[in-house]
Amino acid sequence: MGAREVNYGRLKVVRLGGPLVSAHLLVSDDALTLIDTGLWGIPGELRSVVRRLGRSPGDLRDIVLTHGHLDHTGGAAEIQAWSGARVWVHPADREHVEQRVNYTGLARGCGTLERAGVVVGRLGGWCYQAPVIGGELRDGDVLPFAAGLRVWHLPGHTPGHCALVAEGVLGDKGGGLVFSGDVFASYSWSVHRPPAFLTRDRSRAEVSLRELAMARPVAVLPSHYDRMEPGLHARRLTQLANKRRNVV
Ligand SMILES: [Zn+2]
Ligand SMILES: [Zn+2]
């Protein structure tokens, strides 16, 4: 699968999970920050990574969720119980994380899928529990950890979908590493928007995709991707956005 970590300025980013879905651990001098919590396997993998880094559970202070889908929130409660970390999410996805969301239209398929995921998890002895949400993400806020993590509200996929930009680590050199959540998925065989049935508002999601592409980021890590090469995904994003697409 290639590299499992990259250094970006003063920040080390460790990939948890794999091509199906990834979460990212941000390692800075003072603390650990987790972006998304993946599905069932992530809490165990996280524990061994934290051990390998010579850190303790209490060093993980914050968990930032890009949005409420189960493949991004599955391990949140377990990791929170282990570390005591504060969980952040945009208010528009709060009910989703707490499994109180009502799906409408095409997105009902997503609800069915999430319920199926919970059932399959139960068969394996895993039960989805909602974490305690302790922080709200607001567009433009710069969270005071990981050397400064900017919240970028990019709704459509879900109403509260956010990207996070690690932009404090490069000093005044500019740029930033964008954790783009589910704005797009990036594989050598296919660079694509999330499937329609997983997206609440396709028109709004398209606006978000273009907003992200027009900012011309040089380093992007989506949640669903093949190789851990942020420059590669930035280039693929540009190519995807340049392809014309009619949104109904
Ligand atoms: Zn999603
Ligand atoms: Zn996803």
Side-chain angles (χ1 to χ4, degrees), residues 1 15-25 34-43 45-46 63-76 79 87-118 120-121 128 130-131 133 137 151-164 178-187 189-209 211-212 220-228 230 233 236-237 240 247:
M1 199 196 318
R15 180 183 196 179
L16 305 171
L20 185 64
V21 60
S22 291
H24 295 99
L25 181 68
L34 187 60
I35 298 182
D36 285 340
T37 58
L39 280 168
W40 311 292
I42 298 271
E45 189 183 352
L46 174 68
I63 298 168
V64 187
L65 302 175
T66 58
H67 63 296
H69 281 152
L70 187 66
D71 54 329
H72 299 251
T73 64
I79 294 168
V87 174
W88 299 72
V89 72
H90 190 281
D93 268 27
R94 183 181 187 122
E95 290 192 344
H96 197 154
V97 174
E98 294 173 341
Q99 296 272 291
R100 295 188 287 122
V101 71
N102 281 323
Y103 294 93
T104 54
L106 264 184
R108 277 202 296 263
C110 176
T112 305
L113 208 64
E114 289 192 325
R115 281 191 291 278
V118 169
V120 170
Y128 179 77
I133 295 168
L137 301 179
V151 177
W152 192 352
H153 187 210
L154 292 173
H157 181 60
T158 64
H161 182 281
C162 289
L164 286 312
V178 182
F179 296 90
S180 58
D182 280 1
V183 172
F184 73 113
S186 179
Y187 299 94
W189 60 92
S190 172
V191 182
H192 58 270
R193 296 156 177 85
F197 75 98
L198 291 177
T199 292
R200 279 293 198 89
D201 182 338
R202 293 174 73 199
S203 304
R204 190 64 188 82
E206 190 65 17
V207 171
S208 287
L209 185 141
E211 185 182 332
L212 177 62
V220 178
L221 285 175
S223 298
H224 304 275
Y225 66 98
D226 48 5
R227 286 149 54 187
M228 196 180 190
H233 303 299
R236 287 178 179 169
L237 167 67
L240 178 68
V247 177

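Just so you know, ligand 1 is whichever comes first in the structure, and atom 1 is the first atom listed for that ligand. Just the heavy atoms: all of them, side chains too, but no hydrogens, waters or symmetry mates, feed the values below. Starting from 1, each residue takes its place in the sequence as its number.
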Going through the distances and angles, do His96 and His67 end up as a ring-ring contact (aromatic ring centres under 6.0 Å, His included)? CA-CA 8 Å; His96 197 154; His67 63 296; 7.6 Å; no
Would you check if the Zn ion (ligand 1) lies under 2.8 Å from any N, O or S atom of His157? yes
Restricting to N, O or S atoms, which atom of His224 is closest to the Zn ion (ligand 2)? NE2
For the Zn ion (ligand 1), does an N/O/S atom of His69 lie at less than 2.8 Å? yes
Given Asp71, Leu65, Leu16, Asp182, the one that forms side chain to side chain contact (heavy atoms under 4.5 Å, CB included) with Asp36: Leu65
Starting from the Zn ion (ligand 2), look over the N/O/S atoms of His72 and name the nearest one. NE2
Can Tyr225 and His24 be said to form a ring-ring contact (aromatic ring centres under 6.0 Å, His included), step by step? CA-CA 12 Å; Tyr225 66 98; His24 295 99; 5.7 Å; yes
Glu206 bridged to Arg202 by N-O distance under 4.0 Å: no
Have Arg200 and Thr158 got a donor and an acceptor in their side chains that come within less than 3.5 Å? no
Asp71: its N/O/S atom lying closest to the Zn ion (ligand 2) (atom name): OD2
Can you tell me which N/O/S atom of Asp182 has the shortest distance to the Zn ion (ligand 1)? OD2
